[in-house]
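Report on the following structure.
Please read these numbers as outputs of a predicted model, since none were measured by experiment.
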Amino acid sequence: MIKNLLFVGFGSFIGGGLRYLLSRFLQNYMENSFPLGTLVVNLLGCLFIGVFYALFEHGNLLNSNYRLFLTVGVCGGFTTFSTFMNENFQLLKDGNFFYTSLYLALSLVGGMIAIFLGHLIIKLILEA
């Protein structure tokens, strides 16, 4: 278990660092407030996790340590959006259209509501 945690932790460190650097680099060149850095990171994360899972499915090209390091660690540290989209892809691939729709809707709408509530709670606490 400790070895797995180290693979994930080291991968997360690398992924988080790459996310920060790439997002910062792209945002420095934007003249407006469009979040290009986050968009690029999310799309690249999806590309990477798709590549990694395709490698895993076709002949066990990478062992379980590399799988943890690359997917949960690097991709998870780079962007959890890639994991979210891969889970939706797997649901679609398995023909679970209802669960795909439910997961997408609850994640997007629920996430927006959760952000609103978190912001509201802190605003109410600080104004009290």
Side-chain angles (χ1 to χ4, degrees):
M1 183 66 164
I2 296 294
K3 182 175 82 171
N4 290 346
L5 185 61
L6 290 173
F7 277 111
V8 170
F10 185 62
S12 295
F13 173 77
I14 291 170
L18 290 172
R19 177 185 65 229
Y20 173 77
L21 293 172
L22 182 58
S23 293
R24 183 85 182 221
F25 174 78
L26 292 171
Q27 285 310 125
N28 284 339
Y29 292 99
M30 290 298 293
E31 302 264 336
N32 58 38
S33 61
F34 184 80
L36 178 66
T38 302
L39 176 64
V40 169
V41 162
N42 285 339
L43 295 177
L44 280 175
C46 290
L47 176 67
F48 294 150
I49 206 165
V51 166
F52 296 146
Y53 273 99
L55 288 172
F56 303 146
E57 289 177 357
H58 290 47
N60 287 330
L61 296 175
L62 299 173
N63 69 33
S64 62
N65 293 330
Y66 288 125
R67 181 180 293 198
L68 277 176
F69 173 75
L70 292 170
T71 59
V72 179
V74 175
C75 285
F78 193 61
T79 172
T80 57
F81 184 76
S82 60
T83 300
F84 168 68
M85 292 308 295
N86 185 59
E87 290 168 344
N88 279 288
F89 175 74
Q90 295 301 323
L91 288 169
L92 275 178
K93 198 167 91 172
D94 294 341
N96 292 318
F97 302 108
F98 173 76
Y99 286 128
T100 304
S101 300
L102 182 65
Y103 186 33
L104 282 168
L106 290 175
S107 295
L108 296 175
V109 174
M112 189 60 72
I113 291 169
I115 287 174
F116 173 78
L117 289 174
H119 186 269
L120 180 64
I121 289 166
I122 295 303
K123 186 176 177 183
L124 292 172
I125 289 171
L126 293 177
E127 289 178 358

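In this structure, F84 is a member of the same hydrophobic cluster as L106, with clusters built from ILVMFWY side-chain heavy atoms closer than 4.5 Å. Under a hydrophobic clustering in which Ile, Leu, Val, Met, Phe, Trp and Tyr are joined whenever their side-chain heavy atoms come within less than 4.5 Å, directly or via other members, V109 and F116 fall into the same cluster. Under the 4.5 Å side-chain heavy-atom criterion for grouping Ile, Leu, Val, Met, Phe, Trp and Tyr, M85 is not connected to V40 through any hydrophobic cluster. Linking Ile, Leu, Val, Met, Phe, Trp and Tyr residues whenever their side-chain heavy atoms come within less than 4.5 Å places F98 and Y103 in a single cluster.
Here the closest heavy-atom approach between residue T71 and residue C75 is recorded as O-CB, 3.2 Å. Between L104 and N88 the shortest heavy-atom distance is CG-OD1, 3.4 Å.
A distance of 10.5 Å separates CG in L70 from CG in N65, rounded to the nearest 0.5 Å. Annotation: the span from L6 atom CG to K3 atom NZ amounts to 10.0 Å, rounded to 0.5 Å. The distance from atom CD of E87 to atom OG1 of T100, rounded to the nearest 0.5 Å, is 11.0 Å. Rounding to the nearest 0.5 Å gives a distance of 10.5 Å between CG of L117 and CG of L124. Annotation: the span from S107 atom OG to M112 atom CE amounts to 12.5 Å, rounded to 0.5 Å. For the atom pair L5 CG and L68 CG, the distance stands at 10.0 Å (nearest 0.5 Å).
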Compile the donor-acceptor pairs under 3.5 Å between side chains in residues 10-21 and protein atoms, sequence neighbours left out, one pair per line.
unit_1	atom_1	unit_2	atom_2	d
S12	OG	V8	O	2.9
R19	NH1	G77	O	2.4
R19	NH1	F78	O	3.4
Y20	OH	R24	NH1	3.0

Can I get a per-line list of side-chain donor-acceptor pairs under 3.5 Å for residues 42-55, giving both atom names and the distance, sequence neighbours left out?
unit_1	atom_1	unit_2	atom_2	d
N42	OD1	T79	OG1	2.6
N42	ND2	T38	O	3.4

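In summary, the aromatic rings of F56 and Y66 are positioned with their centroids too far apart to meet the 6.0 Å limit.
Residue F81 qualifies as enclosed at atom CZ: its count of foreign heavy atoms under 6.0 Å is above 12.
Under the 3.5 Å distance criterion, the side-chain polar atoms of D94 are left unmatched by any main-chain donor or acceptor of N96.
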